[in-house]
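Proteins get letters first, then strands, A, B, ... in listed order; numbering begins at 1 in each. For clarity, every value in this text was computed on a predicted model and none was experimentally measured.
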There are 2 protein chains.
Amino acid sequence: MVARLGTVRNPEWPGSIVAIVLATLDRIAVIGLGLIGGSLLRALHGTGRDCWGYDADPAVLDLAGADGFEVVTTAADAVRDADLVILAMPLPQVPAALGAIAATLSPDAVLTDVGTLKRPVADAVRAATPGHRFVGGHPLAGTEDSGWRAGRADMFDGAPWSLCLEPGGPDEGIDAELSAWLAVAALVCEIGAHPVPTTAAEQDDAVARVIGLPHVLAEALALTGLAGGPLGLSLAAGSYTTGSRVARTRPELVASWCDRNHALVGALDEAIGLLTGARDALAAGDSVLPLAQRGHSARMAWEQRSVRTVPVGRGRAQLLAHGRQGGWITQVPDEGDLTGMRPR
Amino acid sequence: MVARLGTVRNPEWPGSIVAIVLATLDRIAVIGLGLIGGSLLRALHGTGRDCWGYDADPAVLDLAGADGFEVVTTAADAVRDADLVILAMPLPQVPAALGAIAATLSPDAVLTDVGTLKRPVADAVRAATPGHRFVGGHPLAGTEDSGWRAGRADMFDGAPWSLCLEPGGPDEGIDAELSAWLAVAALVCEIGAHPVPTTAAEQDDAVARVIGLPHVLAEALALTGLAGGPLGLSLAAGSYTTGSRVARTRPELVASWCDRNHALVGALDEAIGLLTGARDALAAGDSVLPLAQRGHSARMAWEQRSVRTVPVGRGRAQLLAHGRQGGWITQVPDEGDLTGMRPR
């Protein structure tokens, strides 16, 4: 009945796959119990899976343990029996975490992560544990708060979740990498989120525009808005408050979502071009109306876009085409087409 | 007992003031029943004052009448018996509204408004009804929705409310202009908002940074964020959603808050400078961390600033100094010092 595919390796040749067989991701280690990892441990616990957490900070482990979750006190022990290992720490800490778990990872364990940028973490995993299957993931969820206490089991309800797949592999059939992708996608659906099939490069380009750019703009607004003197402190209200909200995020996290993502340079160039156009119009006694009309149209078109349910084939090419068209997955059955939603 | 000051004019010389005497703002006409005017009519109704509304759109009058509010079907009739006339229409419509009411305004009526920019409306009032006292007002409240139905009686709870006063007048004592300012300030306090004493020029400079700038940035984000293709449509989430929220505002309103406010050119120059710095850092392989740290500090300092209760003298200079220091008024007693809050 269980049709999630896994692999059997020759124990003398751990890199080789001798068969693709049934497998499940039933034993899950969450490494890092901050806002996202902590929410994920709660959400996975809610599915009835066997899951446990580890955090480098013993105080966080105590909190999670006191809240009734299973915790393990070393990263090496935490991954030993896991089918799926979820890396849930900021990008700069990923290489050290991989170093701590590489020796005790089961050869068949699947790795995933929850970071914003997918290219650098894929590079780090390939360097540290080249024989393991890695499905880069990025839940578009969270708040500007952080830490175990800010986590919630329903954090991922309805959230998009980039799930990385690279083109290539066999033209037909399902290889070990794709089987891991499908199993992780099924799990993401199970906790209420929506996997978006994408390559690491395409996701990072898109994220430059919808995460990096809004954060950099919010920082610039937070600073400039209040630089005019104390009067502005009391007049700052609605638009300043929401426009600068994400400047509340810890600066190190913002930097980890922006730095080394070259697509953000292009996105900033476009935004600076629009702002300079508005600035020049104002200086010439003209209006910002044309920009406001275009911005309003873009926002309303996005907000009001309608989507339809579509079948999505199980192949890499079909999945990636679906994501590239703005689609996401809602269901991963044991066999046959997946179910997805796509803009009309 | 009633110590709000008004004026008595010589009927043969309507411009002259023969005495400053007790007066109240008990009969209030709200001209324009959109989001702000409609909320104001509801809030004033809650104070027990005699108040009524007018809107150029008969359908809006019908809605307000059906909701139990007194409405008048022409602007000229609406202002005839009013002590206070509140202009609550977008800036471009103010001159026409003034034209419609100038002939029937009582000579002692006080005018106020609720627009974002205070210099242009003051110019328009001076041109249309030079003999009347005008207290420019700007409630920092509202949502990106509009219209009578979106209004709420509690819209102004705790909201800052710029209230314009110009330096000059007698060194000591209270002239007719200042008496009108104090009476409007008392009314603003009564509906739960916080008058911020300021000159029109200083308020417009501050508003360029905390209203104009966040709107222009939101428009640029709304456009650029989604310009990368459909994948971004499904990955846009928290930071894109809040960062572009005010791009939902009607473009004509955004333009009316930005156009002809020269201070916005300078604010945009500063923001563009910060963004260009971040762009160049990224292009050179450096980090956006310095900008993120400064933006985070600015936002947190604003959010966490502490204020204390202070007495504020009734003179123009004391009131304006209080506003310039980031302070606002919470209470306008019949005599003696006002009560205010000011950052420590």
Next on the checklist: Less than 4.5 Å to any heavy atom of chain A: does that hold for the side chain of B:Asp280, its backbone, both, or neither?
Outcome noted: neither
Checklist entry - Checking side chain to side chain donor-acceptor pair (under 3.5 Å) against A:Lys118, which of A:Asp113, A:Thr198, A:Asp123 comes through? => result A:Asp113
Checklist entry - Should the pair A:Arg209-A:Glu270 be classified as a salt bridge under the 4.0 Å nitrogen-to-oxygen rule? => result yes
Checklist entry - Under 3.5 Å, is there a donor-acceptor pair linking the side chains of A:Arg299 and B:Ser244? => result yes
Item to check | Largest heavy-atom contact set with chain A, pairs under 4.5 Å, which of B:Arg305, B:Gln325, B:His215 | outcome: B:Arg305
Checklist entry - For B:Ala227, is it the side chain, the backbone, both, or neither that has a heavy atom closer than 4.5 Å to a heavy atom of chain A? => result both
Checklist entry - Looking only at heavy atoms, which two atoms of A:Ala150 and A:Ser146 are closest? And how far apart? => result CB-O, 3.7 Å
Item to check | Which atoms of B:Arg324 approach chain A - backbone, side chain, both or neither, heavy atom under 4.5 Å | outcome: backbone
Checklist entry - Quick one: do the A:Ser162 and A:Gln203 side chains pair a donor with an acceptor below 3.5 Å? => result yes
Item to check | Most contacts with chain B, counted as non-hydrogen pairs under 4.5 angstrom, among A:Ala255, A:Ala218, A:Gly238 | outcome: A:Ala255
Next on the checklist: For A:Arg260, I'd like to know if atom CZ has over 12 heavy atoms of other residues, nucleotides or ligands within 6.0 Å.
Outcome noted: no
Checklist entry - When you look at B:Val114 and B:His138, which way does the side chain to side chain contact (heavy atoms under 4.5 Å, CB included) test go after all the steps? => result CA-CA 5 Å; B:Val114 296; B:His138 172 208; over 6 Å; no
Checklist entry - Under 3.5 Å, side chain of B:Ser39 to main-chain N/O of B:Arg152, donor-acceptor pair present? => result yes
Checklist entry - Which of the residues A:Pro160, A:Ser287, A:Ala271, A:Gly277 is involved in the greatest number of heavy-atom pairs with chain B at under 4.5 angstrom? => result A:Ser287
Checklist entry - Of the backbone (N, CA, C, O) and the side chain (C-beta and beyond), which part of B:Ala236 lies under 4.5 Å from a heavy atom of chain A, both, or neither? => result both
Checklist entry - Using non-hydrogen atoms only, which part of B:Val216 is less than 4.5 Å away from chain A: side chain, backbone, both, or neither? => result both
Next on the checklist: Heavy-atom cut-off 4.5 Å, strictly under: side chain, backbone, both or neither for B:Glu303 against chain A?
Outcome noted: side chain
Checklist outcome for this item: Greatest number of non-hydrogen atom pairs under 4.5 angstrom with chain A, of B:Gly266, B:Ala220, B:Ser297, B:Pro290, falls to B:Ala220
Next on the checklist: Please classify the contact between B:Leu223 and chain A as side chain, backbone, both or neither, with a heavy-atom cut-off of under 4.5 Å.
Outcome noted: both
Item to check | Proximal component of A:Val196, with respect to chain B [non-hydrogen, under 4.5 Å] | outcome: side chain
Checklist outcome for this item: Of the listed B:Ala206, B:Gly243, B:Ser234, the one with the largest count of heavy-atom pairs under 4.5 Å with chain A is B:Ser234
Item to check | Leading residue by heavy atom contact count with chain B [cutoff under 4.5 Å; candidates A:Gly228, A:Gly285, A:Gly232] | outcome: A:Gly228
Checklist entry - What part of B:Glu202 is in contact with chain A, defined as an atom under 4.5 angstrom from a non-hydrogen atom: side chain, backbone, both or neither? => result both
Checklist entry - Does atom CZ of B:Arg342 have more than 12 heavy-atom neighbours, drawn from other residues, nucleotides or ligands, at distances under 6.0 Å? => result yes
Checklist entry - What residue, out of B:Ala141, B:Ala301, B:Ala292, has the most heavy-atom pairs lying under 4.5 Å from chain A? => result B:Ala292
Next on the checklist: Could you measure the distance from the CG atom of B:Leu338 to the CG atom of B:Leu319? Nearest 0.5 Å is fine.
Outcome noted: 6.0 Å
Checklist entry - Any donor-acceptor pair under 3.5 Å linking the side chain of A:Trp181 with the backbone of A:Leu163? => result yes
Item to check | Polar side chain donor-acceptor pair, A:Arg344 to A:Ser306, under 3.5 angstrom | outcome: yes
Next on the checklist: Quick check on the interface: out of A:Thr242, A:Asp286, A:Leu274, who has the most heavy-atom pairs with chain B under 4.5 Å?
Outcome noted: A:Thr242
Next on the checklist: Counting heavy-atom pairs closer than 4.5 Å to chain B, which one of A:Leu226, A:Val254, A:Thr276, A:Leu275 comes out on top?
Outcome noted: A:Leu275
Next on the checklist: Shorter than 4.5 Å, heavy atoms on both sides: which option in B:Ala222, B:Ala298, B:Ala247 has the most such pairs with chain A?
Outcome noted: B:Ala247
Item to check | Contact winner vs chain B - A:Leu268, A:Val307, A:Leu235, A:Asn261, heavy-atom pairs under 4.5 Å | outcome: A:Leu235
Item to check | Under-4.0 Å salt bridge between A:Asp204 and A:Arg119 | outcome: yes
Checklist entry - Does any heavy atom of chain A fall under 4.5 Å from the side chain of B:Thr241, the backbone, both, or neither of them? => result both
